[in-house]
Amino acid sequence: MSNHLKFFIDGAWVDPVHPAVLDVIDPSTEEAYTQISVGTKADVDKAVAAAKRAFASFSQWPVAERLALLNRILDEYNRRYEDIAQAVSREMGAPLSFARDSQAWAGRAHMEATIAGLETFKFSEQRRGTMVVKEPIGVCALITPWNWPLNQIVCKVAPALAAGCTVVLKPSEIAPISGIVFSEVMEAAGVPQGVYNMVSGNGPDVGQVMAGHPDVDMVSFTGSTRAGIIVAKTAAETVKRVAQELGGKSANIVLPDADFETAVRKGVQGCFGNSGQSCDAPTRMLVPADRHDEALAHAKAEAETFVTGDPRGDETQLGPVVSQIQYDKIQRLIEAGIKEGAVLVTGGLGRPEGLNRGYYIRPTVFGNVSNDMTIAREEIFGPVLSILPYKDEAEAVEIANDTVYGLAAYVQSTNIEHARDVAKKMRAGSVYLNYPDWDTFAPFGGYKQSGNGREYADWAIHDFLEIKGVVGWEA
């Protein structure tokens, strides 16, 4: 609790310049369980100045020393693993088993992948008479979301440090405690003064200030497309690089030659994971029109197996969504689906039976959805699946790509060559064939309004580097 009201700047826990606090809400009870301080421009200025001072020396560290630092961070992360899981479960309502096995695990896995990527990364190569050198871009502002807090913190901090950059992190003010624990990890690992800094606060007063700061060289942002546009416009004033991972409305094409029941049931599981709060979730399931009713039956059966309840409960599979704002938005979109004529297969408005408080959503499936309906166009960010019929494969691909988003896509088939062929036609940064395991070495990022840049392993390190050509190297 001692650091909840402090920021981590220049190697020390410090009080805000202008004290102000914000309640942190437990979404399972709708009650505040702690408070954090919220920063202002004055705090951002201090953090950026510390990062700028540190960059001069840290950018020159040999790769071996940066690797040793990342390994120390990984060791401390593992030591605080349970604290991290508990923080995520409390702040965003994730079932404790999921917080341990997926949320906290993701941070560890991405740290390991970044270390592996750095071990073989080539920072220079000679082309004819020119030496091409990849150098750290500078001070980086990292703005992370609430839905996968450790996943996104580590996906930004680890590659930035691997590249030799210094950073200022703003974790989400909605789920901020895991970011504070992570900052304690960084302190315990002996990260040099100013290399890593953390300021809590909201988007306008901290995130936007970071994005527009003249001494910040790059912004890496994960969040909504709406907020990403604001960040990009703000950063444009100082012509800094912006990497963005934004929203999604990912299509899941179940081809006629798929193992149909398995494909539909796993599609429901993929959509509902993390209470539907994943930007790459397969939220639009496309099924052959002549098997539409069969798909609805399988989806209904699977959805109704999910146990929604207290995140601390041993049987709980779905916790609440993160906030009142998210709850109200999801209710509005479920209502839109009903009003626009989609078939409500299961779930619907209100809380699940037996739950009278907390931001709990009824696991919901809609059928006979057309791609012009609101629930097929807008990112819902809750356990709500839309099932859309298609007449043939060409129409399925057309529907799948008919979205402003392009973060992920999914293809199900018992014929891997067929699945690969369809994958080539998908306009998305990641295409997942037959529900593979999470691969933290694959590039992750979006097409279109889902963003730009790529995260994970060595792909992310590239984003934090400038390219310099030293011409006449052998002159």
Side-chain angles (χ1 to χ4, degrees), residues 25-33 88-99 101-103 146-147 174-175 261 264-278 281-285 293-369 373-376 378-387:
I25 306 298
D26 181 333
S28 69
T29 65
E30 305 182 38
E31 296 175 356
Y33 71 96
V88 172
S89 180
R90 190 75 185 275
E91 68 191 0
M92 65 166 293
L96 192 51
S97 59
F98 185 82
D101 298 342
S102 295
Q103 292 277 3
W146 50 261
N147 62 319
I174 299 171
E261 180 177 359
V264 171
R265 284 182 172 267
K266 285 189 174 182
V268 173
Q269 296 167 17
C271 178
F272 287 1
N274 202 33
S275 294
Q277 300 171 124
S278 298
T283 55
R284 291 184 298 146
M285 182 183 290
D293 291 346
E294 180 186 352
L296 299 194
H298 292 315
K300 175 181 170 66
E302 183 63 31
E304 292 177 354
T305 68
F306 278 81
V307 177
T308 303
D310 184 349
R312 270 69 66 179
D314 292 338
E315 303 301 316
T316 299
Q317 295 167 281
L318 297 181
V321 294
V322 78
S323 67
Q324 184 74 56
I325 290 173
Q326 288 300 119
Y327 178 86
D328 291 343
K329 174 190 173 185
I330 296 164
Q331 294 298 308
R332 174 181 62 80
L333 289 167
I334 291 173
E335 186 174 19
I338 295 169
K339 286 183 176 179
E340 292 177 17
V343 174
L344 181 61
V345 178
T346 189
L349 295 167
R351 293 184 180 89
E353 186 176 350
L355 297 170
N356 56 17
R357 69 171 184 168
Y359 308 124
Y360 294 99
I361 303 293
R362 297 175 68 188
T364 298
V365 175
F366 282 104
N368 204 29
V369 176
M373 290 182 179
T374 304
I375 56 172
E378 291 191 25
E379 187 176 37
I380 298 174
F381 236 57
V384 180
L385 174 65
S386 297
I387 300 181

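- Here the CD1-NZ distance, from I334 to K339, works out to 13.5 Å after rounding to the nearest 0.5 Å.
- The side-chain heavy atoms of C271 and M285, taken from C-beta on, include no pair separated by under 4.5 Å.
- The backbone N or O of G319 sits less than 3.5 Å from a side-chain atom of S275, completing a donor-acceptor pair.
- Looking at every heavy atom in both residues, V264 comes nearest to A299 through CG1-N, 3.7 Å.
- The minimum heavy-atom distance between A336 and T374, with the atom names listed, is CB-CB, 4.2 Å.
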Pairs of donor and acceptor atoms involving the side chains of residues 345-355, under 3.5 Å and at least two apart or interchain, shall be tabulated with distances.
{"from": "T346", "atom 1": "OG1", "to": "E304", "atom 2": "OE2", "distance (Å)": "2.8"}
{"from": "R351", "atom 1": "NE", "to": "G358", "atom 2": "O", "distance (Å)": "2.8"}
{"from": "R351", "atom 1": "NH2", "to": "E30", "atom 2": "OE2", "distance (Å)": "2.9"}

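- Applying the side chain to side chain donor-acceptor pair (under 3.5 Å) test to residues at least two apart or on different chains, the pairs with a partner in residues 318-331 are Q324-D328.
- A distance-only check finds no donor-acceptor pair linking the side chain of E315 to the backbone of V307 [under 3.5 Å].
- For L344, the CG atom counts as densely surrounded, since its 6.0 Å shell holds more than 12 non-hydrogen atoms of other residues, nucleotides or ligands.
- Of the inter-residue distances, the one linking R90 atom CZ with S28 atom OG reads 7.0 Å to the nearest 0.5 angstrom.
- When all heavy atoms of G93 and P311 are compared, the pair lying nearest together is O-CG, 3.3 Å.
- At a threshold of 4.5 Å between non-hydrogen side-chain atoms, the residues V321 and I330 count as touching.
- For N274, the side-chain contact (heavy atoms from CB on, under 4.5 Å) partners two or more places apart in sequence, or in a different chain, are M92, F98, Q103, N147, W148, Q277, S278.
- Annotation: the span from R332 atom CZ to I380 atom CD1 amounts to 9.5 Å, rounded to 0.5 Å.
- Sorted by first then second residue, the ring-ring contact (aromatic ring centres under 6.0 Å, His included) pairs that include residues 333-364, not counting sequence neighbours, number zero.
- With sequence neighbours excluded, the residues satisfying salt bridge (charged side-chain N to carboxylate O under 4.0 Å, His left out) with E302 are R265.
- Under the side-chain contact (heavy atoms from CB on, under 4.5 Å) criterion, T29 pairs with D26, E31, R357, not counting sequence neighbours.
- Residues that satisfy the side-chain contact (heavy atoms from CB on, under 4.5 Å) test with A297, not counting sequence neighbours, are absent from this structure.
- The main-chain N or O of D310 is found under 3.5 Å from a side-chain atom of T316 such that the two form a donor-acceptor pair.
- Counting only heavy atoms from C-beta outward, the side chains of F381 and V322 never approach each other to under 4.5 Å.
- Considering only residues two or more places apart in sequence or on other chains, A342 meets the side-chain contact (heavy atoms from CB on, under 4.5 Å) condition with F366, V369, M373, I375.
- For the atom pair CG of N368 and CG of L296, the computed distance is 8.0 Å after rounding to the nearest 0.5 Å.
- Shown here for P95 and S89, the closest heavy-atom pair between the two residues is C-OG, 4.3 Å.
- Residues V384 and T283 are not in side-chain contact: their nearest non-hydrogen atoms beyond the backbone lie 4.5 Å or more apart.
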